[in-house]
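Side chains included, hydrogens not; waters and symmetry mates left out as well; all remaining heavy atoms used.
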Amino acid sequence: MPSLPAPLARMIEVRGMPCTVTGTEDLSPSFRRVHLAGERLKGREWAPCQVTTFLVSPTAFRRYTPDAVDTVTGRMSILFHRHSTVSPGPTSPGDAWLGSLTAGDLVSAMGLEATRGFRARAEPGTTLVCGDATTVGLWYSMIHWLGDRARVCGVVEVPAQDVPVVRGLLPGVQVVAQSQQPGEAVLSWLGDAPPQEVTQAYLAGHGQTVQRARNVVRTRYDLHRSVIHTQPYWATGKAGL
């Protein structure tokens, strides 16, 4: 996401939904879940694929996907992937902000919405999902939202240190250790996966991988373009989307 001058960024932030951090939990070396509560979360419409935005520094915004939202009690949780645990170099603005959050902190969640082309649909049959560590919260919410209305299968690549925990979070989804090249493990799995009947597909995460996986999924599962839903979260060479 683009950066803005600090005064303008602050003007946008104060229009968001005030939320209180009610707790944090580290599920694995790279994954931290943050629990939030806010009166303005009550009564909102919510489904997987919706994202919210936070001001993570005086000038930088980042979008994140909630893994659960209770619009009756006004509570929300977000499963964050901390890139800095596996990536050398300085800590990113998003990771630095996440590391500073403690219970009782006040934050502003700006929006809770999905793009027109990437929205959750409860289609009977089998839903295929593909992504990386940035999509674990998304697929977690999708699995629970669909429940017994549809089967979920697919593949997610995450750092090797996080594989056991993510396997427990995503039943039915193959969780593989990522390699140095983003998307390599996902595309390898798709190339070797046994054929099966798929109703719809959701592809998210690394932008270049999403583009390549879309073509593989379309031909391998004989899917029409209209039932393959894509959403890049980040891309090689870009600081954030």
Is it true that [Y] and [X] share a donor-acceptor pair across their side chains at a distance under 3.5 Å?
| X | Y | value |
| --- | --- | --- |
| Thr115 | Gln231 | yes |
| Glu184 | Ser179 | yes |
| Gln196 | Arg151 | yes |
| Thr135 | Trp139 | yes |

Test side-chain contact (heavy atoms from CB on, under 4.5 Å), reference His206, set Leu203, Thr209, Val210, output is Thr209
[X] side chain to [Y] backbone, donor-acceptor under 3.5 Å:
| X | Y | answer |
| --- | --- | --- |
| Asp105 | Thr102 | yes |
| Thr59 | Pro5 | no |
| Thr199 | Thr126 | yes |
| Glu157 | Gly183 | yes |
| Gln208 | Thr236 | yes |

Under the side-chain contact (heavy atoms from CB on, under 4.5 Å) criterion, do Val158 and Ser30 qualify, and how do the steps go? CA-CA 9 Å; Val158 301; Ser30 301; over 6 Å; no
What distance do [X] atom [atom1] and [Y] atom [atom2] have between them, rounded to the nearest 0.5 Å?
| X | Y | atom1 | atom2 | value |
| --- | --- | --- | --- | --- |
| Leu4 | Arg10 | CG | CZ | 14.0 Å |
| Arg121 | Arg149 | CZ | CZ | 13.5 Å |
| Arg62 | Ser57 | CZ | OG | 7.5 Å |
| Thr24 | Arg33 | OG1 | CZ | 12.0 Å |
| Leu169 | Asp67 | CG | CG | 8.5 Å |
| Cys49 | Trp145 | SG | CH2 | 8.0 Å |

Counting heavy atoms not belonging to Glu123, are there more than 12 under 6.0 Å from its CD? yes
Residues, nucleotides or ligands: over 12 heavy atoms within 6.0 Å of Asn215 CG: yes
Any idea which heavy atoms bring [X] and [Y] closest together, and the distance?
| X | Y | result |
| --- | --- | --- |
| Leu138 | Ala204 | CD2-CB, 4.1 Å |
| Ala47 | Ala120 | CB-CB, 4.4 Å |
| Ala185 | Ala177 | CB-O, 3.6 Å |

Same hydrophobic cluster for [X] and [Y], using side-chain heavy-atom links shorter than 4.5 Å among ILVMFWY?
| X | Y | result |
| --- | --- | --- |
| Val175 | Leu128 | no |
| Val56 | Tyr233 | no |
| Tyr202 | Val217 | no |
| Val34 | Val136 | no |
| Met110 | Val51 | no |

Salt-bridge criterion met for Arg82 and Asp26 (N-O under 4.0 Å): yes
Find out whether Ser28 and Val166 are in side-chain contact, i.e. whether some heavy atom of one side chain is under 4.5 Å from a heavy atom of the other. no
Walk me through it: do His35 and Arg75 pass the test side-chain contact (heavy atoms from CB on, under 4.5 Å)? CA-CA 7 Å; His35 300 275; Arg75 294 185 176 272; over 6 Å; no
Trace of the side-chain contact (heavy atoms from CB on, under 4.5 Å) decision for Leu36 with Thr20: CA-CA 5 Å; Leu36 304 163; Thr20 301; over 6 Å; no
Of Trp234, Tyr140, Phe31, which is the lone residue that meets ring-ring contact (aromatic ring centres under 6.0 Å, His included) with His81? Phe31
Taking it one step at a time, do Val129 and Leu170 satisfy side-chain contact (heavy atoms from CB on, under 4.5 Å)? CA-CA 11 Å; Val129 301; Leu170 305 181; over 6 Å; no
Centre-to-centre under 6.0 Å for Phe118 and His229, is that the case here? no
